[in-house]
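What follows is a set of notes on a single structure, which appears directly below.
A, B, ... follow the sequence lines: proteins, then strands. Residue 1 opens every chain.
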There are 2 protein chains.
Amino acid sequence: MSIDANDFYQALANESRLRCLVLLQRQGELCVCELTHALNLSQPMISRHLALLRESNLVLDQRFGQWIYYRINETLPDWVRSVLQTTAQANATKTPFAADLKALNKMPNRPSTGCCT
Amino acid sequence: MSIDANDFYQALANESRLRCLVLLQRQGELCVCELTHALNLSQPMISRHLALLRESNLVLDQRFGQWIYYRINETLPDWVRSVLQTTAQANATKTPFAADLKALNKMPNRPSTGCCT
DNA sequence: AACATATATATGTTTTATCGTATATTTAAA
DNA sequence: TTTAAATATACGATAAAACATATATATGTT
């Protein structure tokens, strides 16, 4: 999966999308309602930003029943993976990224995190 | 020198600025007229993009006579330096970055590259 | 079949970024 | 003290991004 540097940074240049990517990088896989809750944004907002990330090949989606899970595209070039990983790691404790993870962990009725999934 | 991840990626989200940064990362230090020639853009365009990079602390400038040289801010946090370096390296041979360096090396009357500077 | 939940898309509006052009500033040289 | 070269800034026009809201689609449940 190839990607243009300019397209890549265009996709990162929005706080909501950056927060989604950092959270996905840290959590591996999240559905839309989890991201919506974690970032405290409207569902259409999250959905549209995810669509843009999907269209630029940064994330992949997969449906499980009524939920659609997003994850970082594991076939991205090494340098892109590296940038995402470095960014997520260096900013994990900073605003707003730390709060996003906190909010995610406080989410009630989170799908797929029960004992039987 | 601290920097906000969102501000950082905002600054990268423009092809002209990205090309400037990649070229600076590779060449160390360049004046405005060199960047203008290498990227083949108007002087005010380059100047305004450099101003934005300067205002977001990504680059530093230094005057030498009538020329003003820009360079990547060496006091940026490690993760930012790492992202810039990784990006420059991985994209060096790709469009438009390879052509920019080529054009720079073909520039006639380049300042400060003579034998006595 | 009717309804509820999760997600996606469409539309109109507002905000933000970019660009071309003109002009100002600074320095060096004549 | 003009003049030229390098650079920066200002201004108006255009384009792009983001947003709120409404609605559509797909799945699961009763």
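As a whole-Å value, the separation of A:Leu12 CG from D:dA17 P is 14 Å. At whole-Å resolution of the value, CD1 in A:Ile68 and C1' in C:dT5 are 12 Å apart. Per the geometry, CG belonging to A:Leu18 stands 17 Å off P belonging to D:dA17, to the nearest Å. Between the C1' atom of C:dT7 and the OH atom of A:Tyr69 lies a distance of 13 Å, rounded to the nearest Å. Rounded to an integer number of Å, the gap from CG of B:Asn109 to C1' of D:dA6 is 14 Å. In this structure, B:Leu30 atom CG and D:dT7 atom P are separated by 11 Å, rounded to whole Å. The separation between B:Gln10 atom CD and D:dA16 atom P is 17 Å, rounded to whole Å.
Nearest-nucleotide mapping onto DNA chain C: of A:Trp67 and A:Arg48, the residue sitting toward the 5' end is A:Trp67. Each of B:Arg54 and A:Ser16 was matched to the nucleotide of DNA chain D holding its nearest heavy atom; the match closer to the 5' end belongs to B:Arg54.
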Requested in this report: Would you give a per-nucleotide map of nucleotides 24-30 of chain D, 5' to 3', where B means the base has a protein non-hydrogen atom under 4.0 Å away, S means only the sugar-phosphate does, and - means neither?
Outcome: --SSS--
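Of the side-chain N and O atoms in A:Asn14, none sit less than 4.0 angstrom from OP1 or OP2 of D:dA17. The phosphate of D:dA18 has OP1 or OP2 within less than 4.0 Å of a side-chain N or O from A:Arg17. For the OP1/OP2 pair of D:dC19 and a distance below 4.0 Å, the side-chain nitrogens and oxygens of A:His49 include at least one atom meeting the criterion.
B:Leu50 and B:Leu41 fall within the same hydrophobic cluster, defined by Ile, Leu, Val, Met, Phe, Trp and Tyr side-chain heavy atoms under 4.5 Å apart, directly or through other members.
Panel note: side chain A:Ser82, backbone A:Asp78; no donor-acceptor pair is recorded below 3.5 Å.
Shortest non-hydrogen contact noted between A:Arg26 and A:Phe97 is NH1-O, 3.7 Å. Between A:Cys31 and A:Trp67, the shortest heavy-atom contact is SG-CD1, 4.0 Å. A pairwise comparison of heavy atoms in A:Glu34 and A:Glu29 identifies OE1-O, 4.4 Å as the closest pair.
Of all nucleotides present, only C:dA24 satisfies the Watson-Crick or G-U wobble test against D:dT7, with each distance under 3.5 Å.
Looking at heavy-atom distances under 4.0 Å, B:Glu15 makes no contact with the nucleic acid at all.
At a threshold of 4.5 Å between non-hydrogen side-chain atoms, the residues B:Tyr70 and B:Arg54 count as touching. A:Gln27 is not listed as a side-chain neighbour of A:Arg71, based on a closest heavy-atom distance of 4.5 Å or more.
Partner A:Met1 forms a side-chain contact (heavy atoms from CB on, under 4.5 Å) with one of A:Leu76, A:Leu60, A:Leu58 and no other, that one being A:Leu76.
Residues of residues 35-47 of chain A having a heavy atom closer than 4.0 Å to DNA chain D, listed by number: A:Pro44, A:Met45.
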What side-chain donor-acceptor pairs closer than 3.5 Å can you find for residues 7-24 of chain B, not counting sequence neighbours?
from, atom 1, to, atom 2, distance (Å)
B:Tyr9, OH, A:Thr87, OG1, 2.5
B:Asn14, OD1, B:Ser16, N, 2.9
B:Asn14, OD1, B:Arg17, N, 3.1
B:Arg17, NE, B:Ala11, O, 2.8
B:Arg17, NH1, B:His49, ND1, 3.1
B:Arg19, NE, B:Asp100, OD1, 3.4
B:Arg19, NE, B:Asp100, OD2, 2.9
B:Arg19, NH2, B:Leu39, O, 3.2
B:Arg19, NH2, B:Asp100, OD1, 2.8

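Taking every side-chain heavy atom of B:Cys31 into account, D:dT7 is the closest of D:dA8, C:dA17, D:dT7.
Within 6.0 Å of CG in B:Asp4 there are more than 12 heavy atoms belonging to other residues, nucleotides or ligands.
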